[in-house]
A.B. asks: 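A single structure is presented below for examination.
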Amino acid sequence: EEMVESGGGSVQAGDSLTLSCTGPERLFTAYAMGWFRQAPGKGREFVGRISWTGGSTDYADSVKDRFTMSRDNAKHIITLQMNNLKPEDTAVYYCAAGGRGEITASTTYAYWGQGTQVTVSS
């Protein structure tokens, strides 16, 4: 584990929450960053990915238009702004630094955090 997530919590449906993730400088100068999530009893699911420059983002259809990723390489931080949260967004959220490969595949990412819990109540 080289990444550290923060900002999780319990919210109501429709609320917003911002997750943050920090890590070592060497990862922020070389890698794209991704967010994944894992709900109880389910596999790890791709949420979004931001290129190492921050100029390109990709999102899962389930969060598109609700979630926004950003990064500040000078501060070694990425954020996931989550708006209009839904109960189905409930999961442990992980950030990861990745190399080359399919951006939606967890195996593309070599460096992970331990995750932060997000719980959305209806």
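Since the model is a prediction, treat every value here as computed from it, not as a measurement.
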A.B. asks: If you measure from CE on Met33 to CG on Leu27, what distance do you get to the nearest 0.5 Å?
C.D. replies: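 It is 5.5 Å, given to the nearest 0.5 Å.
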A.B. asks: Working to the nearest 0.5 Å, report the span between CZ of Phe28 and CG of Asp72.
C.D. replies: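 If I round to the nearest 0.5 Å, the distance is 9.0 Å.
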A.B. asks: Do you know the tightest heavy-atom contact between Pro87 and Ser122?
C.D. replies: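 Minimum heavy-atom contact is CG-CB, 3.8 Å.
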A.B. asks: Report yes or no: do Ser121 and Gln12 form a side-chain donor-acceptor pair below 3.5 Å?
C.D. replies: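 Checked: Ser121/Gln12 side chains show no N/O donor-acceptor pair below 3.5 Å.
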A.B. asks: Please report the closest heavy-atom contact between Ile103 and Tyr109, naming both atoms and the distance.
C.D. replies: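 Nearest heavy atoms, Ile103 then Tyr109: O-OH, 2.7 Å.
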A.B. asks: Considering non-hydrogen atoms only, spot the tightest contact between Gln38 and Lys42 and give its length.
C.D. replies: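 In terms of heavy atoms, the two residues are closest at NE2-O, 3.0 Å.
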A.B. asks: If you look only at pairs with a residue in residues 51-63, which of them pass as a salt bridge (charged side-chain N to carboxylate O under 4.0 Å, His left out), with sequence neighbours excluded?
C.D. replies: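 Only Arg49-Asp58, Asp61-Lys64 qualify under salt bridge (charged side-chain N to carboxylate O under 4.0 Å, His left out).
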A.B. asks: Is Met3 linked to Trp52 within one hydrophobic cluster, defined over Ile, Leu, Val, Met, Phe, Trp and Tyr using a side-chain heavy-atom separation of less than 4.5 Å?
C.D. replies: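 No; tracing contacts between hydrophobic side chains, which count when under 4.5 Å, never links both residues.
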A.B. asks: On a heavy-atom basis, which atom in Asn83 and which in Ser16 lie closest, and how many Å separate them?
C.D. replies: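 What the structure gives for the nearest pair is OD1-OG, 3.0 Å.
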A.B. asks: First locate atom CZ of Phe46, then atom OH of Tyr59, and finally report the distance between them rounded to the nearest 0.5 Å.
C.D. replies: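 So the CZ of Phe46 and the OH of Tyr59 are separated by 9.5 Å.
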A.B. asks: Name the one of Tyr31, Tyr93, Phe36 that satisfies ring pair (Phe, Tyr, Trp, His ring centres under 6.0 Å) with Trp112?
C.D. replies: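 Testing each of Tyr31, Tyr93, Phe36 against Trp112, the sole residue satisfying ring pair (Phe, Tyr, Trp, His ring centres under 6.0 Å) is Phe36.
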A.B. asks: To the nearest 0.5 angstrom, please state how far the SG atom of Cys21 sits from the CD1 atom of Ile77.
C.D. replies: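 One finds 8.5 Å between SG of Cys21 and CD1 of Ile77.
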A.B. asks: Say whether, by atom type as modelled, one donor and one acceptor occur between the side chain of Arg71 and the main chain of Gly54 under 3.5 angstrom.
C.D. replies: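 Checking the backbone N and O of Gly54 against the side chain of Arg71, no donor-acceptor pair under 3.5 Å is found.
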A.B. asks: Can you name the nearest heavy-atom pair linking Val47 to Phe67, along with the distance?
C.D. replies: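 Scanning both residues, the minimum pair turns out to be CG1-CD2, 3.8 Å.
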A.B. asks: Please name the pair of heavy atoms, one in Gln117 and one in Ala91, separated by the smallest distance, quoted to 0.1 Å.
C.D. replies: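 For Gln117 versus Ala91, the nearest heavy atoms are NE2-O, 3.4 Å.
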A.B. asks: Supply the atom-to-atom distance Arg37 CZ to Met82 CE, rounded to the nearest 0.5 angstrom.
C.D. replies: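 Reported value, rounded in 0.5 Å steps: 9.0 Å.
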A.B. asks: Is a side-chain donor or acceptor of Thr68 paired with a backbone partner of Gln81 at a separation under 3.5 angstrom?
C.D. replies: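 No: the side chain of Thr68 does not pair with the backbone of Gln81.
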A.B. asks: Could you check whether any side-chain N or O of Asp15 sits under 3.5 Å from a backbone N or O of Leu85, counting only pairs where one atom can act as donor and the other as acceptor?
C.D. replies: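 No, Asp15 side chain to Leu85 backbone: no donor-acceptor pair under 3.5 Å.
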A.B. asks: Check whether any side-chain heavy atom of Glu88 lies under 4.5 Å from a side-chain heavy atom of Ser62, and answer yes or no.
C.D. replies: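 No, their side chains stay 4.5 Å or more apart.
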A.B. asks: Taking atom types as modelled, is there a side-chain donor on Thr79 or Ser70 under 3.5 Å from an acceptor on the other?
C.D. replies: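 There is such a pair between these side chains.
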A.B. asks: Hey, could you give me the CG/CE distance between Leu19 and Met69, rounded to the nearest 0.5 Å?
C.D. replies: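 Between atom CG of Leu19 and atom CE of Met69 there are 10.5 Å.
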A.B. asks: Is the side chain of Glu5 donor-acceptor paired with the backbone N or O of Cys95 at a distance under 3.5 Å, no angle test?
C.D. replies: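 Between the backbone of Cys95 and the side chain of Glu5 there is a qualifying donor-acceptor contact (under 3.5 Å).
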